[in-house]
S.K.: 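Pasting a structure below so you can have a look.
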Amino acid sequence: MTKYLFFALMIISFGIKAFQVEPFIQFMEPIGKKSNATFKITNTTDKPLPIETELLKSNLNNDDIESTIESDDFFIMPPQTLIPANSSQVFRVRYLGGSEINKSEPYRVLFKQLSLDQSEKKGSHVEVLFNFSALILLSPMNAKEDLAINVSSLNNAYSINIENEGNKFSDLSQKKLEIQGSKDGVILNWQDFSDLTQFQFVLPGRSKSFTITSEMFPAIGKIESIDFVPM
């Protein structure tokens, strides 16, 4: 079992210098076309790149500390391969678990760069150099999010608590943040408010919070309401 901070389910877009992963996240369902997905690994070096995969089930505690365990809910092909220099390899992922899931569940696909050390006299020694963790969000068919937003204020600071009461993850990058003040209102796109929230996804049954102040939007006056609306 491994444990690490989940960064509040925010997907950070960066590439490890040894290889690049596309996409960083896949949205899947237990049956139908969305029970299959692909990831593409590009070897950006001038040397062959050995890659090994691992599938993990993710669990979060109340502090967003993630623990993972190995899972056989997915089939990955190829499980291990050698990618030639400056070339790409497509990895196909298929869900094999049951269809009776009742809410969105997170998984991790680890792509691990291996180094084959031939200096050992007795056989070869395999060492992991880099790894990249891609995210899979598996949701029931026809699942829906249901956001409940509560705003509390103290002086000029406003604490916004978002609770997902539905059975599907909520993706804030697909929403706009509407803030209505006593004088005017403002509508922010994801690229404008992502630095405020510091998280992108809210899983079912979980809540996330962030804070804003009136000084951030002086033209709208006293903040009266805050809401997330679809794009």
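Residue indices begin at 1 and follow the sequence shown.
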S.K.: Filter on side chain to side chain donor-acceptor pair (under 3.5 Å), then keep only pairs touching residues 95-104, sequence neighbours left out; what's left?
M.R.: S104-S139
S.K.: Write out all pairs satisfying salt bridge (charged side-chain N to carboxylate O under 4.0 Å, His left out) with one or both partners inside residues 172-187, taking only residues at least two apart or from two chains.
M.R.: E145-K175
S.K.: If Ile, Leu, Val, Met, Phe, Trp and Tyr residues are connected whenever their side-chain heavy atoms lie under 4.5 Å apart, and connections chain through other members, are L196 and I226 in the same group?
M.R.: yes
S.K.: Do F201 and S170 come within less than 4.5 Å of each other through their side chains, counting heavy atoms only?
M.R.: no
S.K.: Tell me if a side-chain donor or acceptor on S35 pairs with a main-chain N or O of G32 at a distance below 3.5 Å.
M.R.: yes
S.K.: Counting N and O atoms only, with roles assigned by atom type, does the side chain of T197 sit under 3.5 Å from a partner on the main chain of F199, one being a donor and the other an acceptor?
M.R.: yes
S.K.: Do you see a donor-acceptor pair shorter than 3.5 Å between the side chains of S133 and R108?
M.R.: yes
S.K.: Using the side chain to side chain donor-acceptor pair (under 3.5 Å) rule, collect all pairs that involve residues 69-78, keeping only residues at least two apart or in two chains.
M.R.: S71-D73, D73-Y107
S.K.: Walk me through it: do F24 and F132 pass the test ring-ring contact (aromatic ring centres under 6.0 Å, His included)?
M.R.: CA-CA 9 Å; F24 299 110; F132 185 94; 5.6 Å; yes
S.K.: How long is the straight-line distance from NZ of K34 back to CD of Q26, given to the nearest 0.5 Å?
M.R.: 10.5 Å
S.K.: Quick one: which residue pairs count as a ring-ring contact (aromatic ring centres under 6.0 Å, His included) with a foot in residues 33-67, not counting sequence neighbours?
M.R.: F39-F111
S.K.: Whether the side chain of N155 engages the backbone of A157 through a donor-acceptor N/O pair (distance < 3.5 Å, no angle test) should be reported.
M.R.: no
S.K.: Evaluate the criterion side chain to side chain contact (heavy atoms under 4.5 Å, CB included) for residue pair I187 and L177; output intermediate values, then yes/no.
M.R.: CA-CA 6 Å; I187 299 177; L177 176 60; over 6 Å; no
S.K.: Donor-acceptor pairs are to be reported for all side-chain atoms of residues 212-225 against protein atoms at under 3.5 Å, with residues two or more places apart or in another chain.
M.R.:
| unit_1 | atom_1 | unit_2 | atom_2 | d |
| --- | --- | --- | --- | --- |
| E215 | OE2 | N156 | ND2 | 3.3 |

S.K.: How long is the gap from CG on N43 to CZ on F19, to the nearest 0.5 Å?
M.R.: 9.5 Å
S.K.: Output yes when a side-chain donor or acceptor of N164 lies under 3.5 Å from a complementary backbone atom of D146, and no otherwise.
M.R.: yes
S.K.: For the atom pair CG (L138) and NZ (K57), what is the distance rounded to the nearest 0.5 Å?
M.R.: 9.0 Å
S.K.: Show, in sequence, the C-alpha distance, side-chain angles and deciding distance for I76 and V109, and conclude whether the side chain to side chain contact (heavy atoms under 4.5 Å, CB included) test is met.
M.R.: CA-CA 9 Å; I76 304 177; V109 182; 4.0 Å; yes
S.K.: Report the distance from atom NZ of K208 to atom CG of L203, rounding to the nearest 0.5 Å.
M.R.: 9.5 Å
S.K.: Determine whether more than 12 heavy atoms belonging to other residues, nucleotides or ligands lie under 6.0 Å from atom CG of N142.
M.R.: no
S.K.: Same cluster for L110 and L96 if Ile/Leu/Val/Met/Phe/Trp/Tyr side chains link at under 4.5 Å?
M.R.: no
S.K.: Under a single-linkage rule joining Ile, Leu, Val, Met, Phe, Trp and Tyr whose side-chain heavy atoms are separated by less than 4.5 Å, which residues share a cluster with V90?
M.R.: none
S.K.: Begin from the C-alpha positions of I51 and Q89 and carry the test side chain to side chain contact (heavy atoms under 4.5 Å, CB included) through to its verdict.
M.R.: CA-CA 10 Å; I51 289 288; Q89 171 72 51; over 6 Å; no
S.K.: Between CG of L55 and CD1 of I136, what distance do you get to the nearest 0.5 Å?
M.R.: 6.0 Å
S.K.: Please confirm whether the backbone N or O of I83 pairs with a side-chain atom of S87, one donor and one acceptor, at under 3.5 Å?
M.R.: no
S.K.: Just jot down the side-chain hydrogen bond (donor to acceptor under 3.5 Å, both in side chains) partners of N36, sequence neighbours excluded, or say none.
M.R.: R94
S.K.: Run the side-chain hydrogen bond (donor to acceptor under 3.5 Å, both in side chains) test against S173 and tell me which residues pass, sequence neighbours left out.
M.R.: D171, Q200
S.K.: Tell me the closest heavy-atom pair linking T211 and S159, and the distance in Å.
M.R.: OG1-CA, 4.3 Å
S.K.: Taking side-chain hydrogen bond (donor to acceptor under 3.5 Å, both in side chains) as the test, write out the residues that go with S209, two or more places apart.
M.R.: N161
S.K.: ring-ring contact (aromatic ring centres under 6.0 Å, His included) with F27: which residues, sequence neighbours excluded?
M.R.: F169
S.K.: How far does CD of Q20 sit from OG1 of T44, to the nearest 0.5 angstrom?
M.R.: 5.5 Å
S.K.: Is P106 close to L135 at the side-chain level, that is, under 4.5 Å between some pair of heavy atoms?
M.R.: yes
S.K.: Please check if any side-chain donor atom of S88 sits under 3.5 Å from a side-chain acceptor atom of T42, or the reverse.
M.R.: yes
S.K.: Please identify each residue that fulfils side chain to side chain contact (heavy atoms under 4.5 Å, CB included) with P79, with sequence neighbours left out.
M.R.: T53, M77
S.K.: Under the side-chain hydrogen bond (donor to acceptor under 3.5 Å, both in side chains) test, which residues partner E54, sequence neighbours left out?
M.R.: K112
S.K.: Quick check: closest heavy atoms across L172 and F193, and the distance to 0.1 Å?
M.R.: O-CZ, 3.5 Å
S.K.: Walk me through it: do M141 and I31 pass the test side chain to side chain contact (heavy atoms under 4.5 Å, CB included)?
M.R.: CA-CA 8 Å; M141 296 185 67; I31 59 176; 3.1 Å; yes
